[in-house]
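The next block holds one structure in the form of structure tokens; read it before the comments.
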Amino acid sequence: PMTAELWRRPDGEEILELSVKSPAIQAAVIYFGFMAFLAELGTERDENQQAKTRWALEYFAQRYVPRTGSAEAVDQQPVPQPAVADGQRVTP
């Protein structure tokens, strides 16, 4: 099975992550087959690969400004809670 995740930041930058899963004994065959498939499609591998979570968090960390400028203020800020509609979580 192949999984695709598209991550978008508010600045318009995007990362598309494609991955495959296989039993360990088939990992090498699946990896090289997957890379051949991507090459056939004409995709380019990002030589500066980075974790998507780090990519997103670094963006938001650069824009974060504590309310009072102290570390204690960060701990005192309310934690946003997920919205709930009819007893079910709603992702904003």
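Note that these values count all heavy atoms, side chains included, but never hydrogens, waters or copies made by symmetry.
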Hydrophobic cluster identity match, [X] and [Y], side-chain contacts under 4.5 Å:
X: Ile15; Y: Phe60; value: no
X: Val29; Y: Met35; value: no
X: Leu6; Y: Tyr59; value: no

Would you give the length of the straight line joining atom [atom1] of [X] to atom [atom2] of [Y], rounded to the nearest 0.5 angstrom?
X: Thr53; Y: Glu58; atom1: OG1; atom2: CD; value: 11.0 Å
X: Lys21; Y: Thr3; atom1: NZ; atom2: OG1; value: 5.5 Å
X: Gln62; Y: Asp11; atom1: CD; atom2: CG; value: 9.5 Å
X: Arg63; Y: Arg9; atom1: CZ; atom2: CZ; value: 7.0 Å

Just checking [X]: does its [atom1] atom have more than 12 heavy atoms from other residues, nucleotides or ligands closer to it than 6.0 angstrom?
X: Glu14; atom1: CD; result: yes
X: Arg54; atom1: CZ; result: no
X: Ile25; atom1: CD1; result: no

Nearest atoms (heavy-atom pairs only) where Ala56 meets Trp7
CB-CZ3, 4.0 Å
Looking only at heavy atoms, the pair that brings Met2 and Leu18 closest together is SD-CD2, 4.5 Å
With distance as the sole test, does Ser22 use its side chain to make a donor-acceptor pair with the main-chain N or O of Ile30 at under 3.5 Å?
no
What's the verdict on salt bridge (Lys or Arg N to Asp or Glu O under 4.0 Å) for Glu13 and Arg8, showing C-alpha distance, side-chain angles and the deciding distance?
CA-CA 6 Å; Glu13 291 290 316; Arg8 290 186 180 135; over 6 Å; no
Between Phe34 and Ser19, is there a side-chain heavy-atom distance shorter than 4.5 Å?
no
